[in-house]
Number of protein chains: 2
Amino acid sequence: MTGENGDVSTTFSILTGMTETPHWLTPAEQQAWRSFIRMQERLTGRLSRELLADSGLSAADYAVLVSLTDAPGGRRRMLDLARSLEWEKSRMSHHIARMARRDLVRREECAEDGRGAWVVVTPGGREAIAAAAPLHVEAVRRLVIDPLTPAELAMLAQISDRITERLDEDAP
Amino acid sequence: MTGENGDVSTTFSILTGMTETPHWLTPAEQQAWRSFIRMQERLTGRLSRELLADSGLSAADYAVLVSLTDAPGGRRRMLDLARSLEWEKSRMSHHIARMARRDLVRREECAEDGRGAWVVVTPGGREAIAAAAPLHVEAVRRLVIDPLTPAELAMLAQISDRITERLDEDAP
DNA sequence: AGGATATAGTTGATCCATCAACCAAAGGTC
DNA sequence: GACCTTTGGTTGATGGATCAACTATATCCT
């Protein structure tokens with residue numbers, strides 16, 4: 001029954017008849033990759049669920065509000081905001097529309113560019129993030145910072161930056 | 001104008017009147033955390049877009065098909081599948097319904113448990129993953145394995161496992 | 001000035017993820 | 001064997017993400 005039971009790496013060449021076997025991951029590479037993926041999915045799932053439960057903000061809401069409260073006047077241009085979060089402009093537009101409905105944020109016309117629009121954080125938005133931030137930071141500390149040594153955390157940053165560089169080089 | 005311009009860490013105590021300042025991240029911690037988040041979002045975005053463009057499978061489809069082709073007979077129980085991917089059963093149910101519509105997968109009644117259901121990979125599903133796997137593995141190698149030294153990859157696995165352990169301990 | 005092109009942003013369709021509510025069969029327990 | 005809880009799974013509503021198509025203003029070129 002091994003024919004029915006092979007994993008992708010074994011069934012592939014059988015099914016396609018390719019002679020050049022692809023460059024599969026070694027067991028160590030595979031284990032590392034799967035560990036990373038699992039961690040990453042569980043971590044972001046947990047953090048966003050905690051954030052939402054504690055404060056009613058999604059991770060996306062939180063990122064937008066941090067970016068806005070960081071900016072002078074609590075305002076940014078739509079596309080500037082989108083680029084700083086590395087979102088597509090369409091996603092930003094939809095998301096800001098939803099946040100505006102909840103009074104976290106408000107659109108304003110842009111005097112110096114007739115096409116443009118400002119996004120401005122409202123008092124309600126400031127309250128929301130002020131309430132959310134300490135709990136969220138505490139969760140990040142508990143789940144990520146604390147279990148790692150400072151050296152490991154530095155390694156994580158280094159590894160992350162190297163992969164991000166590669167993503168930039170190897171443009172879509 | 002500094003009142004309008006402070007970041008979350010400075011505005012929080014002003015707005016809430018708390019006297020105990022929360023345990024904010026140090027600059028090094030913050031930089032590491034932001035590097036990680038950025039990498040993680042861009043990497044999964046890129047990988048899933050490439051996968052979809054190359055093979056018409058989403059990352060979720062891919063994970064389901066790998067799990068099924070790994071199992072004896074190419075079949076698994078619904079909840080078993082859900083647990084192995086750490087998905088909620090409702091997500092699994094919806095997703096399997098969509099995959100079944102595309103003939104990647106098929107439901108079967110379960111003889112030994114009247115409530116249960118099997119999910120079985122179809123020939124079409126096997127073809128799809130056989131076509132997708134080499135390209136996807138190549139992308140993972142290019143974007144993650146290659147830019148890291150073996151020691152860094154091992155560190156990434158170690159760090160990931162440590163965080164996952166913490167997630168398990170610190171149960172929701 | 002007039003036309004081409006680039007930039008800033010919106011919209012609608014479609015698919016995905018999450019939550020709460022629900023249903024039905026299995027397994028105790030008295 | 002009637003009741004209760006647990007287990008396995010579905011459903012519908014809602015909000016979020018992505019893609020392609022579109023509008024309107026600005027800018028560049030001659």
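Proteins get letters first, then strands, A, B, ... in listed order; numbering begins at 1 in each.
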Under a 3.5 Å threshold, yes or no: a donor from one side chain and an acceptor from the other, between A:S58 and A:D61? yes
Roughly, in whole Å, what's the span from CZ in A:R115 to C1' in C:dT10? 14 Å
Quick one: label B:R101 by what it contacts on the DNA or RNA (base, sugar-phosphate, nothing), any heavy atom closer than 4.0 Å. nothing
Expressed in angstrom and rounded to an integer, what is the separation of A:R42 atom CZ from C:dA17 atom P? 18 Å
Spell out yes or no: do the side chain of B:R91 and the base of C:dT18 have one donor N/O and one acceptor N/O closer than 3.5 Å? no
Side chains of B:R98 and B:H95 only: does a donor on one sit below 3.5 Å from an acceptor on the other? yes
Rounded off to whole Å, could you give me the CH2-to-C1' distance for the A:W87 and D:dA17 pair? 10 Å
Whole-Å distance between C:dC19 P and B:H95 NE2? 18 Å
Could you state the atom-to-atom distance from CZ of B:R102 to C1' of C:dC15 in whole Å? 10 Å
Within 6.0 angstrom of A:R34 CZ, more than 12 heavy atoms from elsewhere: no
Assign each of A:K89 and B:A117 to its nearest nucleotide of DNA chain D by heavy atoms, then name whichever residue's nucleotide is nearer the 5' end. B:A117
Figure out the CG/P separation between A:L104 and D:dG16, and round it to whole Å. 11 Å
For B:R166, is there an ion pair with B:E169 - N to carboxylate O distance below 4.0 angstrom? yes
Short side-chain N/O contact from B:R49 to OP1 or OP2 of D:dT18, under 4.0 Å: no
Look at the side chain of B:H94 and the base of D:dG9, then say whether one donor and one acceptor between them are separated by less than 3.5 Å. no
Residue whose nearest DNA chain D nucleotide is more 5′ - A:S90 or B:S93: B:S93
Mind calculating the distance between CD (B:E50) and P (D:dC19) to the nearest angstrom? 13 Å
How close or far is atom P of C:dA25 from atom CD of B:E112, stated in whole angstroms? 16 Å
With the side chain defined as heavy atoms from C-beta on, A:L79 is closest, among C:dG12, C:dA8, D:dG8, to C:dA8
Give the nucleotide from the list D:dA26, D:dG9, C:dA26 with an atom nearest to the side chain of B:M78. D:dG9
Are A:T122 and A:D103 linked by a side-chain donor-acceptor pair shorter than 3.5 Å? no
Among D:dG15, C:dA20, D:dC19, which is the nearest nucleotide to the side chain of A:E88? D:dC19
Give a yes/no on whether any side-chain N or O of B:R107 is located under 4.0 angstrom from OP1 or OP2 of D:dG9. no
